[in-house]
Visitor: 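Mind having a look at this structure? Questions to follow.
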Amino acid sequence: MSGTLSEGAALLLVVLVGFLPTEIWRSLAVLAGRNIEDGSPFLRWVQAVATALLAAVVARLLFAPAGALAAVPLALRLAAVAGGVAGFVLVRRSVFAGVLAGELILIGAILAEGLTVATH
């Protein structure tokens, strides 16, 4: 035996270790959320915390990137964020459109500049 998992065993492992533990918490959150009114102070607090966490992640990606993104100049990263926000606003507040616009700007700028981005 080579010591590697078969494709079926690997898929089962991903489902058991990756999907099910998080799905349990999602299901419990749905059950608990049924008793919370829209616009309640608790939900406003949850939204504020989620927004703050997202802002922190974006700030870290912009100003202290790790890995391959560190090779991309700050100006290009800022342009990608600005383009993503513009895409979000222009396409009826579509998160998908914003992410796609930002990615296209970042990838296009990297290709146009001829940057070498290491992937390891």
Side-chain angles (χ1 to χ4, degrees):
M1 190 175 237
S2 66
T4 61
L5 293 174
S6 70
E7 191 173 319
L11 182 60
L12 180 62
L13 184 65
V14 167
V15 169
L16 290 176
V17 175
F19 172 74
L20 287 180
T22 59
E23 191 59 32
I24 290 168
W25 290 110
R26 288 181 189 136
S27 299
L28 289 173
V30 167
L31 292 174
R34 290 182 179 169
N35 297 328
I36 300 173
E37 294 181 28
D38 287 340
S40 70
F42 176 73
L43 281 184
R44 288 196 306 269
W45 176 81
V46 168
Q47 183 180 14
V49 170
T51 302
L53 287 171
L54 180 59
V57 169
V58 170
R60 181 157 195 298
L61 288 171
L62 276 174
F63 301 113
L69 194 57
V72 178
L74 176 61
L76 294 181
R77 296 191 305 262
L78 290 170
V81 170
V85 170
F88 171 78
V89 171
L90 292 172
V91 185
R92 292 185 237 132
R93 300 177 54 92
S94 167
V95 173
F96 177 75
V99 170
L100 184 63
E103 286 182 11
L104 290 176
I105 291 168
L106 187 61
I107 292 168
I110 289 170
L111 293 174
E113 293 285 324
L115 294 174
T116 304
V117 179
T119 58
H120 56 277

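All of these numbers come straight from a predicted model, not from anything done at the bench.
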Visitor: For the residue pair Arg60 and Ala66, what are the closest heavy atoms and their distance?
Guide: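 Heavy-atom minimum between the residues: NH1-CB, 4.5 Å.
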Visitor: Of all residues at least two apart in sequence or in a different chain, which pass the side chain to side chain contact (heavy atoms under 4.5 Å, CB included) check with Ala9?
Guide: Leu5, Ser6
Visitor: Going by side-chain hydrogen bond (donor to acceptor under 3.5 Å, both in side chains), name the residues that satisfy it together with Arg93, two or more places apart in sequence or in a different chain.
Guide: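 With neighbours one apart ignored, the set is empty.
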Visitor: Find the distance between CG (Asp38) and CZ (Arg44) and round it off to the nearest 0.5 Å.
Guide: 11.5 Å
Visitor: Enter the distance from Ile105:CD1 to Ile110:CD1 here, rounded to the nearest 0.5 Å.
Guide: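 Answer rounded to 0.5 Å: 12.0 Å.
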Visitor: Flag yes if Val89 and Val99 sit in one hydrophobic cluster, no otherwise; membership is Ile, Leu, Val, Met, Phe, Trp, Tyr, and two members link when side-chain heavy atoms are under 4.5 Å apart.
Guide: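 As far as the 4.5 Å side-chain criterion goes, Val99 and Val89 are connected within one cluster.
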Visitor: Share the residues that join Ile24 in a hydrophobic cluster, the rule being Ile, Leu, Val, Met, Phe, Trp or Tyr side chains under 4.5 Å apart at the heavy-atom level.
Guide: Trp25, Leu28
Visitor: Is Phe19 linked to Leu12 within one hydrophobic cluster, defined over Ile, Leu, Val, Met, Phe, Trp and Tyr using a side-chain heavy-atom separation of less than 4.5 Å?
Guide: yes
Visitor: Using the test side chain to side chain contact (heavy atoms under 4.5 Å, CB included), find all partners of Val14 that sit at least two apart in sequence or belong to another chain.
Guide: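 Once residues adjacent in sequence are excluded, Val14 has no partner under the side chain to side chain contact (heavy atoms under 4.5 Å, CB included) criterion.
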Visitor: Side-chain heavy atoms under 4.5 Å apart, restricted to Ile/Leu/Val/Met/Phe/Trp/Tyr: what other residues fall into the cluster of Val49, or is it alone?
Guide: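 Ile36, Phe42, Leu43, Trp45, Val46, Leu53, all in the cluster of Val49.
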Visitor: Roughly how far apart are Ser40 OG and Asn35 CG, rounded to 0.5 Å?
Guide: 11.0 Å
Visitor: Determine all donor-acceptor pairs shorter than 3.5 Å in which one atom belongs to a side chain in residues 70-87; sequence neighbours excluded.
Guide:
unit_1: Arg77; atom_1: NE; unit_2: Leu62; atom_2: O; d: 2.8
unit_1: Arg77; atom_1: NH1; unit_2: Val72; atom_2: O; d: 2.3
unit_1: Arg77; atom_1: NH2; unit_2: Leu62; atom_2: O; d: 2.7

